[in-house]
Amino acid sequence: MNLIQKLYRKEKRKRLEKTLGPIAAYYGTFDEDNRLLSRRGQVEFLTTLRYVEKYLQDGMRILEIGAATGRYSHYFAQKGYAVDAVELVQSNIEHFQKKTLPNETVTIRQGNAMNLSFFPDNTFDITLLLGPLYHLYTFEDQKQALSEAIRVTKTGGVIFAAYCMADAVLILHGFGGGEIRKFIARGKVDTETFSCHSGKKDIFQLIRKEEIDALREAFPVKQLHYVATDGCTNLIRHAVDQMNPADFECYLNYHFITCERLDMSGISDHTLDIFQKI
């Protein structure tokens, strides 16, 4: 993206924020679909698919909460699964609908992850919560979103909850990008613990594993996996983007082998907490 395009996107986002709010404005100017199609984005996408497919069986019903433009929903619908999707941002819903193929059994409706009252209890076999927890800024709101995801999932069903990790941002942008003192001055980083504090204007809520554990432990669920979905990819993103196919395949194999190692999870931009409703 050149400078003119960046300036245009920045001005467009400012205009949208006035009418739609920060989150809708962000996704109204950000190409989420192509993010997952990029070489670096494929690592997160393929890792998530790898774990969802461990638990998928024929005839299962899938819910995706915070479906964005439908990269995951359409993938599974095209595999023959019945998929229901919920998305907050209208522009994402429009993109989702345009990409829907005639042979897909998929629905999408506008909604908030904290209120899925249009779905009855115990409806879905697989529930994907791959975006909303990025944008909920209090423990209570995060807990409410998890509560709703668990409620609509069948007993024995599996929930996939994705998070944005604080230390990956501190390392790459704070220290690597020379922004750390700016973050501290704005009250976004605690100098005692280096934990992060986000608000709506920051768009993303940054979290650590101990906070994820506290959220999950509030519910009657069994943890199955804790996965660093992109591992060290963003730290070496330029090298990953330039890998030839053979080297990229080798890197993916390395990543798949190491992505559940706890010593890798703190540097991952995204993690996936996978648990079963009991």
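Below, each value reflects all heavy atoms present in this structure, side chains not excepted, and no hydrogens, waters or symmetry copies.
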Next on the checklist: Could you report the tightest heavy-atom contact between Cys232 and Ile267, atom names first, then the distance?
Outcome noted: CB-CD1, 3.6 Å

Item to check | Glu53 atom CD, neighbour heavy-atom count above 12 within 6.0 Å | outcome: yes

Next on the checklist: For Asp247, is there any backbone N or O sitting under 3.5 Å from a side-chain donor or acceptor partner on Asn244?
Outcome noted: yes

Checklist outcome for this item: Shortest non-hydrogen pair, Pro132 vs Ile65, comes out as CD-O, 3.3 Å

Checklist entry - When you measure from the side chain of Tyr251 to the backbone N and O of Ala246, does any donor-acceptor pair fall under 3.5 Å? => result no

Checklist entry - More than 12 heavy atoms of other residues, nucleotides or ligands under 6.0 Å from NZ of Lys143: is that the case? => result no

Next on the checklist: Thr127 vs Thr153, test: side chain to side chain donor-acceptor pair (under 3.5 Å). Steps then yes/no.
Outcome noted: CA-CA 7 Å; Thr127 298; Thr153 304; 2.7 Å; yes

Next on the checklist: Are His225 and Phe275, when compared by the centres of their aromatic rings, separated by less than 6.0 Å?
Outcome noted: no

Checklist entry - Would Asp202 and Arg186 count as a salt bridge (Lys or Arg N to Asp or Glu O under 4.0 Å) if you check the C-alpha gap in whole Å, the side-chain angles of each, and the deciding distance to 0.1 Å? => result CA-CA 11 Å; Asp202 301 306; Arg186 291 170 54 206; 3.2 Å; yes

Checklist entry - So, for Tyr72 and Phe45, is the gap between ring centers shorter than 6.0 Å? => result yes

Checklist outcome for this item: On a heavy-atom basis, the closest approach of Val83 and Ala77 is CG2-N, 3.8 Å

Checklist entry - So do the side chains of Ser147 and Ile150 get within less than 4.5 Å of each other, counting heavy atoms only? => result no

Checklist entry - Is it the case that Tyr81 and Glu104 place a side-chain donor and acceptor less than 3.5 Å from each other? => result no

Checklist entry - Between Phe160 and Asp273, does a side-chain contact (heavy atoms from CB on, under 4.5 Å) hold up when you go through it step by step? => result CA-CA 6 Å; Phe160 297 76; Asp273 196 29; over 6 Å; no

Next on the checklist: Go through it in stages, so that I can follow the logic: the residues are Asp84 and Thr107, the test is side chain to side chain donor-acceptor pair (under 3.5 Å), and I'd like the CA-CA distance, side-chain angles, deciding distance and then a yes or no.
Outcome noted: CA-CA 5 Å; Asp84 291 280; Thr107 69; 2.5 Å; yes

Next on the checklist: For a quick test of reading the model, state the closest non-hydrogen atom pair linking Leu206 to Met165 and the distance between them.
Outcome noted: CD2-O, 4.3 Å

Checklist entry - Looking just at side-chain N and O atoms, do Asn92 and Thr69 make a donor-acceptor pair shorter than 3.5 Å? => result no

Next on the checklist: So does Ala82 get a backbone contact from the side chain of Thr105, meaning a donor-acceptor N/O pair under 3.5 Å?
Outcome noted: no

Checklist entry - Is the closest side-chain heavy-atom distance between Ser198 and Tyr134 below 4.5 Å? => result no

Checklist entry - So, Arg50 side chain and Thr47 main chain: donor-acceptor pair closer than 3.5 Å or not? => result no

Next on the checklist: Check the orientation of His74 and Phe96. Use parallel for under 30°, tilted for 30 to 60°, and perpendicular for over 60°.
Outcome noted: tilted

Checklist entry - Going by heavy atoms in the side chains, are Leu130 and Leu272 under 4.5 Å from each other? => result yes

Item to check | Gln110 side chain to Leu88 backbone, donor-acceptor under 3.5 Å | outcome: yes

Checklist entry - Any sub-3.5 Å donor-acceptor pair from Arg151's side-chain atoms to Phe119's backbone N or O? => result yes

Checklist entry - Which atom pair, heavy atoms only, marks the closest approach of Ile278 to Lys222? => result CG2-CB, 4.1 Å

Checklist outcome for this item: Between His270 and the options Thr48, Thr229, Asp230, the side-chain hydrogen bond (donor to acceptor under 3.5 Å, both in side chains) test singles out Asp230

Checklist entry - With no hydrogens and no angle check, is any side-chain donor or acceptor of His197 less than 3.5 Å from a backbone partner on Val189? => result no

Item to check | Expected output: side-chain Ser268 to main-chain Thr271 donor-acceptor under 3.5 Å | outcome: no

Checklist entry - Within a strict 4.5 Å, meaning less than it, do heavy atoms of the Val158 and Ile274 side chains meet? => result yes

Checklist entry - Taking all non-hydrogen atoms of both residues, which atom of Leu116 and which atom of Asn112 are closest, and how far apart? => result CD2-O, 3.7 Å

Checklist entry - Taking Arg40 as the fixed residue, which of Asp241, Asp269, Thr233 is the one that meets the side-chain hydrogen bond (donor to acceptor under 3.5 Å, both in side chains) rule? => result Asp241

Next on the checklist: Tell me if a side-chain donor or acceptor on Ser265 pairs with a main-chain N or O of Arg261 at a distance below 3.5 Å.
Outcome noted: no

